[in-house]
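The block underneath contains the structure these notes are about, expressed in structure tokens.
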Amino acid sequence: MPKPKKCSFCGHDFPAGTGMIYVKNDGTLLSLCSSKCRKSSLHFKRDSRKFKWTKYFGKEEKGKG
Ligand SMILES: [Zn+2]
């Protein structure tokens with residue numbers, strides 16, 4: 001069984017073979033579980049900490065506090 005992947009936007013695990021992988025210009029790989037996460041991350045450049053449905057909701061930004 002392939003290991004589940006972790007969504008780069010919402011932080012939830014999802015089965016390998018589903019979702020999508022996006023390669024940014026700088027070579028960073030983004031694993032995205034759904035088109036919702038893909039749009040939120042790539043099109044709207046949203047901050048996942050501001051969305052209740054992500055695991056990062058309410059988390060402090062790294063390096064602050
Ligand atoms: Zn996701």
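When reading the values below, keep in mind they use all heavy atoms of this one structure, side chains included, and skip hydrogens, waters and symmetry mates. All ligand and atom numbering here is 1-based and tracks the order in the structure.
Between Y22 and L42, some side-chain heavy-atom pair lies under the 4.5 Å cut-off. In this structure, C10 and W53 have side chains that are in contact, with non-hydrogen atoms separated by less than 4.5 Å.
Judged by distance alone, with hydrogens and angles left aside, the side-chain atoms of S40 form a donor-acceptor pair with the main-chain N or O of K36 at under 3.5 Å. Under a 3.5 Å cut-off, the side chain of S34 and the backbone N or O of C37 do form a donor-acceptor pair. A donor-acceptor distance shorter than 3.5 angstrom exists from the side chain of S8 to the backbone of S31, with no hydrogens or angles considered.
The Zn ion (ligand 1) has C7 SG, C10 SG, C33 SG, C37 SG as its protein N, O or S neighbours under 2.8 Å.
Residues passing the side chain to side chain donor-acceptor pair (under 3.5 Å) test with T54, sequence neighbours excluded: none.
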